[in-house]
Protein chains: 2
Amino acid sequence: MTETNDSAGRALPSTRRSIPIALIRAREKVMTPIREMLADSGITEQQWRILRVLEEYGAQDASTLADRACLLLPSQTRIVQTLLEKGLVTRQADEKDRRKQTVAITDAGRAIIEDKLDDAKAIAARIEAVIGREKLTQLLDILEDFQKL
Amino acid sequence: MTETNDSAGRALPSTRRSIPIALIRAREKVMTPIREMLADSGITEQQWRILRVLEEYGAQDASTLADRACLLLPSQTRIVQTLLEKGLVTRQADEKDRRKQTVAITDAGRAIIEDKLDDAKAIAARIEAVIGREKLTQLLDILEDFQKL
DNA sequence: GCGCAATATTTGCTATGTTAAATATATTCT
DNA sequence: AGAATATATTTAACATAGCAAATATTGCGC
């Protein structure tokens, strides 16, 4: 028996089959065209995520937004600040609980999403064409399992 | 027909089934215990990747190292600089082509890997226990397909 | 109703990610 | 050989990631 990668062995699995590295590599490939798409709008990937979540779910407090956009709260705070300066979102304290900040997308923000809609869909379609719808579904399901960790 | 997520429709797929977001979320879950493992060594996740690659493949030039550790060259440069200061790697210009920088791990660097070996393997084992070996293999295979993008 | 623990968000600091420009060395072409 | 070009790496500049500490409110218990 060849024993190249026994988890009880002395060595760690090869970095070629490392889950963390594989996740980064795949993500890098997926994001490259998305960043290109956003470049001429002066919008970053994370700013785009926040706009998308706000459009999809409507106005919401900072914590919920950070969770949905998959950002840490400190990052979210700063990104929302730059989006405020760009006039793409609004932010105001909750009436009932003033600790909470409610963030909402503006028409200008919606306009950016609208503007990139076709490009974004083309990118998604290309991914599906290359990977295949079935594998993408499998992938999403497996990735969801990681939340159990 | 319900038409919740038609790629020819008006809207983008829900952020809940977004590949980029799913990849980040999964990665975050995987990395949390690894960061904890490394915290007391004062080593970051990326520094750990560089050490691991150097140990696995031996001394190599900067570009190869960056590619294998899945880092952009500018990041790699800075990280190697801090690893140099910590005495965990060495760096010297290639004799034949002085543009190239050859990076190698030191004994002190190897000692850190050695030190974390059991922890790292325990983390890997836990992931395999939760996700299952078969799904992990599927995952790695699907993620590899993304390189075709 | 005041003091105090709990909650929600922001700030500060260091390390990376990302892109573009700068450096340094090699190679090619004439 | 010398200029132009190509390659390898580093720097610079700005945005985000991640962690710890600071702020601001709220809710609770006495």
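Naming convention: chains lettered A, B, ... in sequence-line order (proteins, then strands); numbering from 1 in each chain. Keep in mind that what you see is a predicted model, and the values were worked out from it rather than measured.
- Ion pairing between B:Glu128 and B:Lys135 fails under the 4.0 Å rule for side-chain N and carboxylate O.
- Minimum atom distance to the side chain of A:Pro74 is reached by D:dA20, of the listed D:dA20, C:dT18, C:dT9.
- Residue A:Asp97 places its side chain closer to D:dT26 than to any other of C:dA26, C:dT11, D:dT26.
- Listed nucleotides C:dG17, D:dT9, D:dA15 differ in distance to B:Leu71; the shortest reach to its side chain belongs to C:dG17.
- When distances run from any side-chain atom of B:Lys100 to the nucleotides C:dT16, C:dA8, D:dT9, the shortest one goes to D:dT9.
- For the side-chain contact (heavy atoms from CB on, under 4.5 Å) test with A:Leu139, the passing option among A:Leu143, A:Ile142, A:Asp141 is A:Leu143; the others fail.
- With hydrogens and angles left out, the side chain of A:Arg35 and the base of C:dG17 share no donor-acceptor pair within 3.5 Å.
- The residues A:Lys116 and A:Asp40 are annotated as salt-bridged, a charged nitrogen and a carboxylate oxygen being separated by less than 4.0 angstrom.
- Distance from the side chain of B:Arg99 is smallest to C:dA24 among C:dA15, C:dA24, C:dG17.
- Summary of the strand contacts: A:Thr82 and B:Thr77 both lie near DNA chain D, and taking for each the nucleotide with the nearest heavy atom, the more 5' one is attributed to B:Thr77.
- Between D:dA17 and B:Gln46, no contact under 4.0 Å exists linking OP1 or OP2 to a side-chain N or O.
- Among the nucleotides D:dC19, C:dT16, D:dT10, the one closest to any side-chain atom of B:Gln101 is D:dT10.
- Here the side chain of B:Thr44 is nearest to one of C:dA15, D:dA17, C:dG12, namely C:dA15.
- Electrostatic pairing of A:Arg49 and A:Glu45 counts as a salt bridge here, judged by a charged N lying under 4.0 Å from a carboxylate O.
- Closest to the side chain of B:Leu72, from the set C:dT9, C:dT16, C:dT19, is C:dT19.
- Along DNA chain C, the nucleotide nearest A:Leu73 and the nucleotide nearest B:Asp94 are compared for position; the residue whose nucleotide lies closer to the 5' end is A:Leu73.
- Mapping A:Glu36 and A:Gln81 onto DNA chain C by nearest heavy atom places A:Gln81 at the nucleotide closer to the 5' end.
- Taking the nucleotide of DNA chain D with the nearest heavy atom to each of B:Arg78 and B:Thr64, the more 5' of the two is matched to B:Thr64.
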